[in-house]
Amino acid sequence: MEYLALVRPPRPEVAALVEGHMAPLRRLRAAGGDGAWWRAAAVVDLAAGALQEACFCVLDGFLPPQLAEQLAEGVWGSRPVGPVGAEGKNGWTRGGTARAAEAIQSGGGLEERNERLARALLNPSRGDVALFSDGDHHLPGTCALCAAVDELVDALGSCPAIAQRLAHTDFANSAMFTVYPGGASRYIKHTDNSALTDGRRLTAILYLNKVWEPSHGGQLRIFEPTMQSVQFKADIEPLFNRLVLFWSTEEVPHEVLPSYRERAAVSIWYCCARECLQTEEAFKRLACRARCIAGRSRADRLEAAGWTPEQRRLLRLLGEPPSPGAAPEESAAGREREAVRAAVLHDFGGCEAHRRQRERLSRLFGWDARAAEAQRQASEAQRQQRGLFEALGLPLPAPLEAPAPRVPQTSAPALAEELCRRSAGGGAVAEA
Ligand SMILES: O=C(O)CCC(=O)C(=O)O
Ligand SMILES: [Fe+2]
């Protein structure tokens with residue numbers, strides 16, 4: 001009841017706009033058959049138009065049917081059955097647990113990380129379990145799936161309507177397979193990257209549910225911008241081989257409605273390399289984990305993300321593969337690349353050389369200065385709010401009583417120290 005009071009159905013003009021974009025896509029799909037129909041230039045243009053004006057688009061029959069089958073079999077065959085503990089099961093972790101791992105590895109002091117951890121573990125915001133796949137060894141079909149979605153995103157990046165929005169969107173995260181276990185499991189309303197700090201630009205989700213009825217719930221509900229909006233635009237059924245694309249930004253608040261059946265999907269996030277340079281956490285993912293998409297050159301795309309000559313030099317160096325046959329320590333460039341990679345892989349902790357690398361990168365990309373500015377703005381906003389409550393003679397709500405969190409100095413968890421000592425050469429790499 002409370003929920004119904006907070007949500008409004010699509011406004012007629014919005015419903016008409018959405019339908020105006022989705023109907024032609026459905027018609028072209030019906031004419032083109034599964035798997036490759038979206039490769040036609042007309043489809044890519046329609047999809048770009050839908051993203052530009054409706055902020056999302058839906059492509060049914062996206063993969064060749066055998067590939068969609070293979071992915072579905074992989075998920076249904078490996079998903080954990082029954083309760084999943086905090087430690088996970090067969091490589092699957094609880095949605096909340098994945099967040100907890102992130103909280104442990106995140107920046108800030110122990111107190112701050114503990115608080116984030118507690119919030120992640122207590123927060124019932126999402127009820128799914130997840131498996132991150134970097135290739136067919138994790139879940140068969142991952143490589144072909146990524147190649148297909150990359151190809152579409154690559155083509156969308158050349159459409160004038162949205163080319164600007166996809167500038168520097170050259171990287172992607174690991175594919176995240178999810179299963180909501182039924183029993184009204186859901187994911188409450190959120191945006192994937194509202195603060196524009198983690199790099200995510202475009203969210204791609206492929207659904208893997210062979211039998212799905214509206215009464216099973218689990219629809220993806222897309223709201224009008226912003227997070228404050230109570231007006232939704234569309235409910236999308238999580239149907240087999242249906243691909244949904246939407247902006248990861250504040251423009252697309254969304255939720256997974258309570259699901260009464262097991263519900264499987266796989267998500268890939270496409271990231272803007274330039275945005276990833278802005279914070280330590282996003283930089284670490286970009287430098288060592290993110291996949292460069294659609295056969296683009298990692299070195300070229302990293303270099304293009306930099307603003308200054310020194311940023312561009314370092315980014316190219318990081319993106320270049322080691323020269324074949326040559327040991328990295330044989331050249332100054334190889335030594336520098338290995339030093340930065342080792343520092344990132346050790347989370348900038350473990351030894352003095354890694355911490356010095358962090359200081360240098362923070363200066364080069366402005367991480368601490370930006371974090372301090374964000375902190376200053378948050379404190380100022382809080383001060384103003386507190387003043388307002390005091391002026392009105394109202395008691396302060398809890399968040400306004402809490403002291404402002406400190407500016408993160410390093411994200412090195414205590415474990416990194418030990419890891420660094422144990423890994424070969426970890427403490428001995430030269431600093432550039
Ligand atoms: O599975 C879905 O439909 C959406 C999931 C989602 O919003 C997310 O993982 O961020
Ligand atoms: Fe999401």
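Start at 1 with the first residue, then count along the sequence. When a ligand or atom number is given, it counts from 1 through the structure's own listing order. The figures that follow rest on heavy atoms only: side chains count, while hydrogens, waters and symmetry mates do not.
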Name whichever N, O or S atom of His190 ends up nearest to the Fe ion (ligand 2). NE2

Hydrogens and angles aside, do Gln66 and Gln70 bring a side-chain donor and acceptor to less than 3.5 Å of each other? no

Once you restrict to heavy atoms under 4.0 Å, what part of Asp192 touches ligand 1? Side chain, backbone, both or neither. side chain

Could you tell me whether some N/O pair between Tyr207 and ligand 1 is separated by less than 3.5 angstrom? yes

The atoms of ligand 1 lying under 4.0 Å from a heavy atom of Met176, numbered in the order shown, are 9 (O)

Centre of Phe223's six-membered ring, under 6.0 Å away, within 45 degrees of the axis: is that where NZ or CZ of Lys189 sits? yes

Under 4.0 Å from ligand 1, counting heavy atoms only, is it the side chain of Glu255, its backbone, both or neither? neither

Check each atom of ligand 1 against the heavy atoms of Ile205 and keep those under 4.0 Å away; list them by number with element. 2 (C), 3 (O), 4 (C)

Residue pair His168 / Asp170, side-chain donor-acceptor N/O under 3.5 Å: no

Give the atom numbers and elements of ligand 1 that come within less than 4.0 Å of a heavy atom of Leu220. 3 (O), 4 (C)

May I ask you to list the atoms of ligand 1 that are less than 4.0 angstrom from any heavy atom of Trp269? 9 (O), 10 (O)

Name of the Asp192 atom (N/O/S only) found closest to the Fe ion (ligand 2): OD1

salt_bridge(Arg26, Glu19) N-O dist < 4.0 Å: yes

Distance from atom 8 (C) of ligand 1 to nearest protein heavy atom, with residue and atom: Tyr187 CE1, 3.5 Å

The answer for which part of Thr203 has a heavy atom under 4.0 Å from ligand 1 is neither

Out of Val266, Val256, Thr191, who is nearest to atom 5 (C) of ligand 1 when you count heavy atoms only? Val256

For Cys146 against Tyr270, the heavy-atom pair lying closest together: O-OH, 4.1 Å

Less than 6.0 angstrom from the centroid, inside 45 degrees of the normal: does Arg274 satisfy that with respect to the ring of Trp307? yes

For the pair Asp154 and Arg296, find out whether any cationic side-chain nitrogen is under 4.0 Å from an anionic carboxylate oxygen. yes

Heavy-atom distances under 4.0 Å decide this one: backbone, side chain, both or neither, for Phe246 against ligand 1? neither

In terms of side-chain heavy atoms, does Gln231 have a donor or acceptor partner in Ser229 at a distance below 3.5 Å? no

Indicate yes or no: does an N/O atom of His254 lie under 3.5 Å from an N/O atom of ligand 1? yes

Salt bridge check, Lys284 against Asp347: does any charged N sit closer than 4.0 Å to a carboxylate O? yes

Cationic tip of Arg242 within the cone over Tyr207's six-membered ring, i.e. under 6.0 Å and within 45° of the normal? no

Could an N or O of ligand 1 be found under 3.5 Å from any N or O of His190, whether backbone or side chain? yes

For ligand 1, is there an N or O atom under 3.5 Å from any N or O atom of Arg263? yes

